[in-house]
Each structure stands twice: as C-alpha cells, then as structure tokens.
2 protein chains.
Amino acid sequence: MTEYKAKKRPKQARSRASFDAILDATARLLARRGYEDLTTNRIAEQAGVGIGTLYDFFPNKEAVVAELTGRLMAGVVENMEQAFAEASRMEDPWAGVRHMVTVAVGSLVEERAVFRVLLRQVPFVPQLPVMVSSREAMAALSQRVRIAAGGALDLPMPEEDAWLISEMLYNALLEIAFLDIGPERRQMLTRELARLTYRMAVGRDPEA
Amino acid sequence: MTEYKAKKRPKQARSRASFDAILDATARLLARRGYEDLTTNRIAEQAGVGIGTLYDFFPNKEAVVAELTGRLMAGVVENMEQAFAEASRMEDPWAGVRHMVTVAVGSLVEERAVFRVLLRQVPFVPQLPVMVSSREAMAALSQRVRIAAGGALDLPMPEEDAWLISEMLYNALLEIAFLDIGPERRQMLTRELARLTYRMAVGRDPEA
DNA sequence: ATATAATCCAAGTAATTACTCGGAAAACTC
DNA sequence: GAGTTTTCCGAGTAATTACTTGGATTATAT
C-alpha cells in the first residue's frame, strides 16, 4: 500500500549522523512513552535536530518507524540466519531447536522495550515487508525442524501445522523476551519453550 | 492506574439505548477503521447521539473502549466457562481440549474484526482487569488439562510450562480466529491447534 | 574560487480532536 | 402538575500535531 521509503538517503557523514540520531531518538521515545505519544516534533527535539531535518529524510512519521523497524529486525534476522546455519550443522535436532530459540530470545531481549511497542502496538508494523517475510521464514523453518527430527510421528497437515507451530513459537518468543525478569528465569523459560516446541513438532520429548 | 468506570450508568430505557448505541458504534468503527481513526465525535455521530450525550456516560474515550472490551470479553468468558464445565464432564481429555479450543475460536470469530483491533492494537487493553484475569484463568486451565491427561510424561516446571502453553494457545486462538478464511479451513486449523496443544501438555499424540 | 548540491532549521499553518458548558426537553416522583 | 432528576445536545475551546516553506549554512566538485 503506502510507500515508506526514505525521501532522500543521507549522503554525507554529517547527515548520516542526523539520520541515525532520529532513529535512535525514535527508539528511545517508543520505549519510554509508547506509540501513542510519539510525535515528529518530539523526535526531532530528542534527536537534537530541527523538525525540518527530519522531513528532509523521511516523507512522514510512519516512514521513521518503518525504517527503525527494518533496522532492528535486520539484526534479529541476521542472528537467526546464522543460528540456523549453526543448528543445521548440529546433527541433533533437539540441540538445534534449543539453540535457535535461545538466539531468538536473546536477539529480542536487548531491545525489548522497543520491540514490545513496535511488535504489539503499532498498527502497520505487522504488515511491513520485513515482518511478513520474517514470519514466512519462521514457518518454513519449523517445517525443516519437523523433517530433521524424523517423520515417524507425523502430523496430518504438514503445512498448516508448521504454520501454527511457527505462530505459536513466534508469540511465545515475544512474551518471554518482553517479561521483566532476570536472566536465569528467562533462560529457564526459554529452555521450556524449546521443549514445548520440540513436543509440538516431533510429538514426543527429546531423548535426555 | 487510570479508572475506566462509567461516569453515570444509564437509568432509563431511553438512555440505555443511547449507551448501547455508543458501544455498537464504537465496535463498528473499530472494525472498519481501526483504533487510530477512532474519535469520540465520530462515535457520537455513528451512534446517532450528540457528543455531549457520550460524555454524560463516559469520562473519556478510553472508558468507552474499555466498556466495549468488557462486554465482548464477558461473552467469551461465559462461553469458555460453560465449555470448561462440559469438558470436565467428558472423561476423555482429548475430547475436552478439542471442545474448549473449538468454543474459544468460535466465540472470537463472530466479532473477529473488532477483536483483532482491540486485542492487537489498543495499547491499554491487555492491562484491563478483564484481560488479565482471562489470561490467568487460561494458565490455570492448561494446568488442569495436563493433570487430567495423566502425569506420566511430566514436565519439569509445571507452572512455567502451563503459563507458556496458555500463552501460546491464546495467541494461536487469536491468529486462527482473525484469519479471513472459510469455516472448513478454520475448523481444520482449530483441530490441528487442539492436537498441538495436546502434544505440548501431554507429550504425545492423543489415542486415535 | 565559484557553482552546485547537500544539509540544517524553526516559525508558521491548517486540520484535527478530546472534552466542556449551559440550557432545553423528557421522564419520573409525589 | 409542581418539582426533581435524567437525558439530550452541539456550538465552542484550548491544545495538539503532522507537515510546509524558504532561506541560511556547510560541504563537494571542478
């Protein structure tokens, strides 16, 4: 639908700093005050640039949020792809699942206050290309896990089940990452999530 | 935090009609245009009442949305409690799970356009008392399912796992209810969700 | 050094919005 | 039917907000 492309990409170091400052300020404001209180004037003020500067680089407010989402999600996706490559080399699917889940939660936790707002409260974020493709990738992934773990206890509707599993996993990842708890407790929940995911995908508990 | 209680409850039939018209209009507007475009003036116009009337019964905009959420969720909760009572009488936990999941999806589907906005885009809705207690009830419920299905293949952290399962189930219910698909396909997904839930809770597939 | 392009900026604007106010009409009480 | 309460209403207000504009300043190219 609407295009969220930046109006002009910054060309010089000076403007690149402004550009980044705007995105950083946006992240801070989202984390602290939520999406409802986010205004372009406040972003500019927080970023230490004039409001005109903001509109030199972004066509509108949504574009700023979309660009921020893209940047943050790119980091998560990168981590996940690497984790998937590592998991593929692991032979043991149970270890692979554990690793992927751990990395996913870890990638989100670092910026959990921002992600909580972006992924749960901004109306257009779920429809952003980066989000759509991320979720599709997750569904494809949970297919492969199931296959890798052996097809003995197979599910009747492989694609639908893979989609369901990935949706459930995705949401649980967010919930765990968003909780305001200590690292030990988060690690425990992460491990239990891995176990439940394995149960869903394979139909039994992993061997010890 | 903020109180969302109605300023004055309507006492006469005439005002009760206005009150209901306001809530109906709110639901329609949310379904059609989302939370961002929801304005009190538009609600009053849609409802066919003056803006002053709206503020006779509600202290502010959030209170209207909170009241609507309460009403809609009360319906869902009622259905779920009844379904739980029925499921308890069923002996077979697998049939019980299937029944609960089916009823849950069914309760949401009827008003899925409104629920999609309320439950996924309105910042304060998840913190509403009705939502908090609903989710707690779901967690307690998935505990009981696990116990009812026999503790042979037990999970190491019962409470944490019950919480995780209920969160995943809750989110999957929403996803399935929100999809724009036909009833056959929705029924199929619902059934598969029941199976995956059973797998998570019990650790194996239901017999036959 | 000059021309051109990039960057910065903030006062101003037009539109929107939540909510108030004060009084009129209708319903209930006795 | 007088008095009281409930209900209705919409013009008006004060605040907010996304975005424009046009000119000043700085960097780059030649």
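Within every chain, numbering begins at 1; the chains are lettered A, B, ... in the order of the sequence lines, protein sequences first and strands thereafter. The structure presented is a predicted model; accordingly, all values stated were derived computationally and were not measured.
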> Whole angstroms only, please: what is the CG-P distance between B/Asp56 and C/dA26?
16 Å
> For a salt bridge (charged side-chain N to carboxylate O under 4.0 Å, His left out) with A/Asp180, tell me which candidate from A/Arg186, A/Arg185, A/Arg112 qualifies.
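Result for salt bridge (charged side-chain N to carboxylate O under 4.0 Å, His left out) with A/Asp180: A/Arg112.
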> Assuming nearest nucleotide by heavy-atom distance, tell me which of B/Tyr55 and B/Arg14 is located more 5' along DNA chain C.
B/Tyr55
> With a non-hydrogen cut-off below 4.0 angstrom, is B/Thr53 in contact with a base, only sugar-phosphate, or nothing?
base
> Name the residue from A/Leu173, A/Val105, A/Val109, A/Val103 that meets the side chain to side chain contact (heavy atoms under 4.5 Å, CB included) definition with A/Thr190.
A/Val105
> Any idea which heavy atoms bring B/Ser15 and B/Phe57 closest together, and the distance?
CB-CZ, 3.5 Å
> Please identify the 5'-most and 3'-most nucleotides of DNA chain D with any atom under 4.0 angstrom from a heavy atom of chain A.
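That gives a stretch of D/dT17 to D/dT28.
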> Do any of residues 27-52 of chain A sit with a heavy atom less than 4.0 Å from DNA chain C, and if so which?
A/Val49, A/Gly50, A/Ile51, A/Gly52
> Is it true that B/Arg191 and A/Glu160 have a side-chain N and a carboxylate O under 4.0 angstrom from each other?
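Between A/Glu160 and B/Arg191 there is no salt bridge, as every charged N stays at least 4.0 Å from the carboxylate O atoms.
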> Just the rounded figure in Å: distance from P of C/dA6 to NZ of A/Lys11.
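These atoms are roughly 6 Å apart.
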> Once ring pair (Phe, Tyr, Trp, His ring centres under 6.0 Å) is applied, do any residues pair with B/Tyr198, and if so which ones, sequence neighbours excluded?
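B/Trp94.
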> Check the side chains of A/Glu78 and A/Gln82 for a donor-acceptor pair under 3.5 angstrom, ignoring hydrogens and angles.
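On atom types as modelled, these side chains do not qualify, holding no pair under 3.5 Å.
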> Could you note down all residue pairs passing side-chain hydrogen bond (donor to acceptor under 3.5 Å, both in side chains) where residues 26-37 of chain B supplies at least one of them, sequence neighbours left out?
B/Arg28-B/Gln46
> Around atom CD of B/Glu45, are there more than 12 heavy atoms from other residues, nucleotides or ligands closer than 6.0 Å?
no
> Under a 3.5 Å cutoff on both atom distances, Watson-Crick or G-U, what's the dot-bracket for DNA chain C ([ ] crossing, | other strand)?
||||||||||||||||||||||||||||||
> Show each protein N/O and nucleotides 28-30 of chain C N/O combination with a separation under 3.5 Å, one pair to a line.
none

> Should A/Glu192 and A/Arg199 count as an ion pair when the cut-off is N to O under 4.0 Å?
no
> How close do A/Trp163 and A/Ala139 get, counting heavy atoms only, and between which atoms?
CA-CB, 4.3 Å
> Would you call B/Glu111-B/Arg71 a salt bridge at under 4.0 Å N-O?
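Salt bridge: no.
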> Determine yes or no for a side-chain-to-main-chain donor-acceptor pair under 3.5 angstrom, with A/Arg16 supplying the side chain and A/Lys11 the backbone.
yes
> If we only count heavy atoms from C-beta on, is the B/Ile176 to B/Leu108 side-chain gap below 4.5 Å?
no
> In whole angstroms, how far is the P atom of C/dA26 from the CZ atom of B/Arg16?
19 Å
